[in-house]
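Notes follow the structure.
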Amino acid sequence: MPLCRILDERHRVYVDRHFPTTLRKAPGYRYRVLLGVGGNIGDTRRRMNHLWTYLGRLPQICKIRSGVILRNPPFGFTEQKDFDNTVIEIGTSLEPKAFLRLVWRIEKRFGRRRSFANAPRTLDLDILFFENRSVRTNELIIPHPHWDERPSVLVPLESMIHKCFDKTRKRVWAHRHGEPSVNVANRYLFR
């Protein structure tokens, strides 16, 4: 039974079986990746717990930790149900493009159908950060654009950082004062 905390009339935080969780470091994996996870079709919190279990079975990755789940209103196309969102940190040795293909396969396995931008979805996985890498292609932009403006990322991320780095958690937002977000992620998230 998940615990729920109401932040305001449109935002709720859920603490569930695997959210938040801290497991271990990722020895033997070259990169640490921060994934944004979301969805608003069906039982999304249950699906996130299934995703957590599924990720543990994949040899290409190692689960490290997760944040709380935030229920929040949609943006872009607003005529849809609220979203449940969280963040998951994992270890991998895959390069960014190969990792993106793995992410697409996972989304498809969990019933993702791409119809239009900001459409309702069963599962949405976004690569927010990939170690200290910056990538800009037609298919992939890392760090993820506008991550620092979205409560769907900031609230779960804050819960993850607060648990591990209480004294330095506010420094994550240093990029707002001119420091590139890749440097911030590398210094404070992926220790």
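One is the number of the first residue; the rest follow in order along the sequence. Since the structure is predicted, the reported quantities are computational estimates derived from the model, not experimental observations.
Scanning both residues, P151 and P156, for their nearest heavy atoms gives O-CD, 3.5 Å. Between S66 and I88 the shortest heavy-atom distance is CB-CG1, 4.2 Å. Of all non-hydrogen atoms in R150 and H146, the two that sit nearest each other are CG-O, 3.4 Å. Listed here is the closest heavy atom pair of F99 and I90: CZ-CD1, 3.3 Å.
Put simply, I141 and V33 are part of two different groups of oily side chains (I, L, V, M, F, W, Y) that touch within less than 4.5 Å, one to the next. Note on I64: it does not cluster hydrophobically with Y29, by side-chain heavy-atom contacts below 4.5 Å among ILVMFWY residues. Follow the hydrophobic side-chain contacts under 4.5 Å out from M48 and you never reach I41; the two are in separate clusters. Linking ILVMFWY residues whenever their side-chain heavy atoms come closer than 4.5 Å, directly or via other members, places L3 and V68 in the same cluster.
Residue pairs satisfying the side chain to side chain donor-acceptor pair (under 3.5 Å) criterion with at least one member in residues 35-45, sequence neighbours excluded, are listed as follows: N40-Q80, T44-D84.
Side chain of T21 to backbone of R65: no donor-acceptor contact under 3.5 angstrom is found. In this structure, the side chain of E89 does not engage the main chain of R32 through any donor-acceptor pair within 3.5 Å. Formation of a donor-acceptor pair under 3.5 Å by the D8 side chain with backbone atoms of R10 is found in this model. Side chain of R47 to backbone of T122: a donor-acceptor contact under 3.5 angstrom is found.
A distance of 11.5 Å separates OG of S152 from CH2 of W147, quoted to the nearest 0.5 Å. For the atom pair T53 OG1 and N49 CG, the distance stands at 6.5 Å (nearest 0.5 Å). From L125, atom CG reaches atom CZ of R105 across 12.5 Å, with rounding to the nearest 0.5 Å. Considering NZ of K63 and CG of L23, their distance stands at 6.0 Å, rounded to 0.5 Å. The OG atom of S159 lies 10.0 Å from the CD1 atom of I69; values are rounded to the nearest 0.5 Å.
There is no side-chain donor-acceptor pair under 3.5 Å between N72 and D82.
The closest side-chain heavy-atom distance from P73 to H11 is below 4.5 Å. D16 has its side chain out of reach of W52: every pair of non-hydrogen atoms, C-beta onward, lies at least 4.5 Å apart. Considering only heavy atoms from C-beta on, P143 stays 4.5 Å or farther from L128 through its side chain. Under the 4.5 Å side-chain criterion, counting only non-hydrogen atoms from C-beta, L51 is in contact with L55. By the 4.5 Å heavy-atom criterion applied to side chains, L7 and L70 are counted as neighbours. Proximity of V153 to D148: side-chain heavy atoms (C-beta onward) are nowhere separated by under 4.5 Å. Using a 4.5 Å cut-off on side-chain heavy atoms (C-beta onward), L140 and F130 make no contact. Put simply, the side chain of N85 does not reach to within 4.5 Å of the side chain of V37, judged on heavy atoms.
Between Y54 and F110, the gap from one ring centroid to the other is short of 6.0 Å.
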Determine whether L35 and I127 satisfy the following criterion, side-chain contact (heavy atoms from CB on, under 4.5 Å), listing intermediate values before the conclusion.
CA-CA 5 Å; L35 284 178; I127 303 170; 4.0 Å; yes
May I have the step-by-step check of side-chain contact (heavy atoms from CB on, under 4.5 Å) for M160 and L34, ending in yes or no?
CA-CA 11 Å; M160 213 164 65; L34 190 68; 3.4 Å; yes
Would you check, one step at a time, whether the test side-chain contact (heavy atoms from CB on, under 4.5 Å) holds for L100 with L102?
CA-CA 5 Å; L100 178 63; L102 175 64; over 6 Å; no
Given F83 and F75, is the ring pair (Phe, Tyr, Trp, His ring centres under 6.0 Å) satisfied, shown in steps?
CA-CA 10 Å; F83 276 79; F75 60 89; 7.7 Å; no
Any chance you could lay out the salt bridge (Lys or Arg N to Asp or Glu O under 4.0 Å) test for E95 and R30, step after step, and finish with the verdict?
CA-CA 9 Å; E95 292 296 322; R30 292 174 54 191; 3.5 Å; yes
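Listed by chain and residue number, nothing satisfies the ring pair (Phe, Tyr, Trp, His ring centres under 6.0 Å) test with Y14 (two or more places apart in sequence, or in another chain).
For E139 and R101, the salt-bridge test fails: no basic side-chain N is under 4.0 Å from an acidic carboxylate O.
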